Amino acid sequence: MKSPKTVFLLGAGGMGMAPLALYLNGAGIRVEAFDDHFVEPVRTQLLESGVEVIDEPLPRNPPDCVIRSSAIDKESEYLKPFLKRRVPIFRRGDFVARFTAHRKVLAVVGSHGKTTTAGMLVWALEEIGHPVSYLVGGRFEKDTILPGQFIRDSWVVLEVDESDGSIDGFSPSVTLALNSDWDHVDQYSAGESFEETLKNLFTRTSHEIVVPRKSKLQEIAESIDHDSVTCFYPRSEESADFLSTNQAAAFAAGKSMGFDLSEVDFNLFPGMKRRQSVLFESESRIVMEDYAHHPTEVRSFLSQRRILQPEHFLRVIFQPHRFSRTEKLAKLFAEELSLADDLYLLPTYGAFEKFDPAGAVEALTGYLAPRLRKETVVFDDFTDLRSALGSSLESSKKDQIVFVGAGDLERWAHAFAAFEKTNGNKHDAFSCFLADRLSPTTILRANIPLGSKTTMKVGGSARWYAEPAHSEDLRMLVDACELFGIPRVMMGRGSNLIVPDQGYGGLVLRLKGSFWKEISLRSDNNLIVGAGARLQEICRYACKNGLVGFEFLEGIPGTLGGALRMNAGAMGWETFDLVEWVSFLLPDGSIRKIPGTDLTVGYRYCREAYEGIALRAKLRAEGRSDHRAIRTAIDKLASKRRSTQPRESSAGCIFRNPEETPAGKLIDQLGLKGEREGSAVVSNLHANFIVNEGGATAEEVISLIKRVRERVRETRGLLLEPEVGILGKDWNEYLS
Ligand code: FAD
């Protein structure tokens, strides 16, 4: 295969794709990488290595080819623009097979232990001063060791995945096969067909086949009459001793590559994340997570726990991975899980499979040992699970709590461990959980005064305050709030908000960094704008580029996010007059781009921005004109605004305009201009503004609002509704 100069990786955040991005980037290929769900520190690792992490599934440079993860279906919308332009599209495995076809490849294959063994091997080679290229399908416990690396003219150690059939494209120099249990039941109809696949791979292996001694794999390797079959000795017949078996395999593989690893102390291997990882340990409790998602892996891990901690009560939280596997292997899973003293189940994690009731977690329950069948419950709420497990402080007996599975239960495992580490204090647990999950450029602080972050300049502090660097960190913060029961609220420029004097007991989120401030012109006269961009900046940018329709934003001191939430408007125009689409982080954690025509929008209201978080939008110009003409229109609006609105600190209009008469006019007619409560005063210039003359409190502003409202109600029989928001509260708490 001719080496591409530029590639685009779709679904680049997973542990198949991210190592490939690092490897190709190291090989001097320009890599643009997109995922709608990156996690840290993977995103930062890619960025710091020089991979271009992009926020839209459209690369900035035309790629020579697109590589898609198996999570991206071949019918995906993301692929359409490339299909149209006839850009070659590869599945990850197919690309890797072709790209490495003329290199010295050591392929690590088998149903279990690939990641740990491949990780051990490349770590050990590094230890003896022979670093090699590699792609490993998991993160090392030490984040300084990356999951992918390119070294010119070296061996390439590849973890070859059998799950999507792309294994058939590989012809390695050395194959290290670890085991051949039946897995990926969607791909292989029975154990034999996977064995057949391995047999074919052995046949295509040019130099050496390395297999465990006295195993089915040895039989297969010997049946093909290959010149060189080496057997490694599993250190023990006990499946619980799988780590020594992995070591023996790594050692033998090193030898077949021509390296002697006998001096390496494998006890120093830092391990791979989510593999037998200890998340919390005290005298009475151990909390662990493990990636086991096949019955054999579950048996190995649970029996290892029984042997290592015989005194500790074994409590297992299990999340089945994929409906197809759960359906076919339900009985075996249930048998192995019966090693647990207590079992807690989570709904099946589908990965990219659609829900299938036959593979739902309930498929296991009928096969469980009778003692577990009665007691075992399925949990879909973290708080319920946490209270079922209880805190180690309350528990009288020693226990080990193990989270087992390859799905998203690691969030729950880490959240549970964070509670244990902090004696159940939710705020300490929240910050402990987030400590290594956010990018270095994200700001998360405790007890931050908020008044100065608003235009009204009143109010107390936020218990937590964050400026996420990008949408993945925003999603992580939102998710953490959910897990730890911490309320959260968005703040833009704070130009439509009053912060209560007591402050806010949860997390205030602000979209402030450069990621959120993007304003860029698209060829079709539209602007792509981040939710953190200031309206005045958008207006200026549009003017400079000759785009008509943005002029009214000039005097509104907010951000796009706040303007979308409020459908801010002035002089007869509203924000949604401009909107082509908005992308939102929705309450279910998904990010969706919704066309303006599908949104529920009204006067100073947008339902989707109320329920979700606006991230960015495409804004449509009315047309084009000379920038000087646009400037003149803006200046006219600005001068009108200057003569009608106060310049002191305020939050803009306090009340929504009733249909009958503008609120300002009503208040003025009652002679309430100049009415005051401490330093909060009804503006003499515009009666619907309350200004802070300096040093006002939120209580004073709120009392004045109540008084004005009451006077309008008494004299005009009209109940004014606030347009301004009160951070984290409902006006009903103050006005009823
Ligand atoms: P904030 O005040 O910070 O927040 C407003 C609301 O939006 C809050 O509920 C907040 O939680 C939510 N929010 C913020 N970001 C997001 C997000 N990304 N996703 C979802 N929700 C979010 N308003 C007008 O409509 N027309 C005017 O002419 C006008 N003139 C003003 C003049 C002055 C002097 C002042 C002080 C205010 C004026 N306002 C006006 C009010 C205010 O500027 C607008 O409502 C503006 O849109 C608020 O934006 P913000 O970024 O400041 O939002």
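Only this structure's heavy atoms are used, side chains among them; waters, hydrogens and symmetry mates stay out. Counting starts at 1 for both ligands and their atoms, following the listed order. For clarity, every value in this text was computed on a predicted model and none was experimentally measured.
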Show which atoms of ligand 1 fall inside a sub-4.0 Å distance from at least one heavy-atom site of [X].
{"X": "Gly558", "value": "43 (O), 49 (O), 50 (P), 51 (O), 52 (O)"}
{"X": "Met566", "value": "45 (O)"}
{"X": "Ala609", "value": "20 (C), 21 (N)"}
{"X": "Gly612", "value": "20 (C)"}
{"X": "Gln645", "value": "32 (C)"}
{"X": "Leu497", "value": "1 (P), 2 (O), 3 (O), 4 (O)"}
{"X": "Leu511", "value": "18 (N)"}
{"X": "Gly652", "value": "33 (C), 35 (C), 36 (C), 37 (C), 38 (C)"}

| message | A side-chain contact here means heavy atoms from C-beta on lying under 4.5 Å apart; do Gln669 and Arg716 qualify? | response |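 With C-beta onward as the side chain, the pair touches.
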Using only heavy-atom distances, determine whether the side chains of [X] and [Y] contain a donor-acceptor pair under 3.5 Å.
{"X": "Arg139", "Y": "Gln45", "value": "no"}
{"X": "Thr44", "Y": "Glu40", "value": "yes"}
{"X": "Thr697", "Y": "Glu699", "value": "no"}

Just need the protein heavy atom nearest to [atom], so name the residue and atom and give the distance.
{"atom": "atom 3 (O) of ligand 1", "answer": "Gly492 N, 2.6 Å"}
{"atom": "atom 39 (N) of ligand 1", "answer": "Ile556 CG2, 4.1 Å"}
{"atom": "atom 13 (N) of ligand 1", "answer": "Met490 CB, 3.8 Å"}
{"atom": "atom 53 (O) of ligand 1", "answer": "Gly562 CA, 3.4 Å"}
{"atom": "atom 2 (O) of ligand 1", "answer": "Asn496 N, 2.7 Å"}
{"atom": "atom 31 (C) of ligand 1", "answer": "Pro557 CD, 3.6 Å"}

Output yes when [X] and [Y] qualify as a salt bridge under the 4.0 Å nitrogen-oxygen rule, no when they do not.
{"X": "Glu675", "Y": "Arg711", "result": "yes"}
{"X": "Arg43", "Y": "Asp55", "result": "yes"}
{"X": "Glu77", "Y": "Lys80", "result": "yes"}
{"X": "Glu537", "Y": "Lys517", "result": "no"}
{"X": "Arg437", "Y": "Glu410", "result": "yes"}
{"X": "Asp479", "Y": "Arg475", "result": "no"}
{"X": "Glu467", "Y": "Lys453", "result": "no"}

Under 3.5 Å between any N/O of [X] and any N/O of ligand 1: does that happen in this structure?
{"X": "Ser650", "answer": "no"}
{"X": "Val489", "answer": "no"}
{"X": "Ser495", "answer": "yes"}
{"X": "Ala614", "answer": "yes"}
{"X": "Arg641", "answer": "yes"}
{"X": "Ile613", "answer": "no"}

What part of [X], side chain from CB on, backbone N/CA/C/O, both or neither, has a heavy atom under 4.0 Å from ligand 1?
{"X": "Thr559", "answer": "both"}
{"X": "Ala651", "answer": "backbone"}
{"X": "Thr454", "answer": "neither"}
{"X": "Arg565", "answer": "side chain"}

| Does Gly569 have a non-hydrogen atom less than 4.0 Å from ligand 1? |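 It does; at least one heavy atom falls under 4.0 Å.
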| request: Assess Arg604 for proximity to ligand 1: is some non-hydrogen atom of it under 4.0 Å away? | output: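 Flag set, Arg604 near ligand 1.
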| Options Glu723, Arg493, Glu554, ranked by nearest heavy atom to atom 50 (P) of ligand 1, top entry |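 Among Glu723, Arg493, Glu554, the closest heavy atom to atom 50 (P) of ligand 1 belongs to Arg493.
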| message | Is it the case that over 12 heavy atoms from other parts of the model lie below 6.0 angstrom from the NZ atom of Lys665? | response |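 No, not enclosed.
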| query | Take atom CD in Glu482; do more than 12 heavy atoms of anything else shown fall under 6.0 Å from it? | reply |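 Open: at most 12 neighbouring heavy atoms sit under 6.0 Å from CD of Glu482.
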| task | Over all heavy atoms of both residues, which pair between Glu32 and Pro59 is shortest? Give the atoms and the distance, please. | result |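 Closest approach of Glu32 to Pro59, heavy atoms only: OE1-CA, 3.3 Å.
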| request: Provide the closest heavy-atom pair for Met571 versus Leu637 in the form atom of the first, atom of the second, distance. | output: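 Looks like CG-CD2, 3.7 Å.
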| task | Answer yes if the ring centres of Phe419 and Phe484 are under 6.0 angstrom apart, and no otherwise. | result |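 Centroid distance Phe419-Phe484: below 6.0 Å, so yes.
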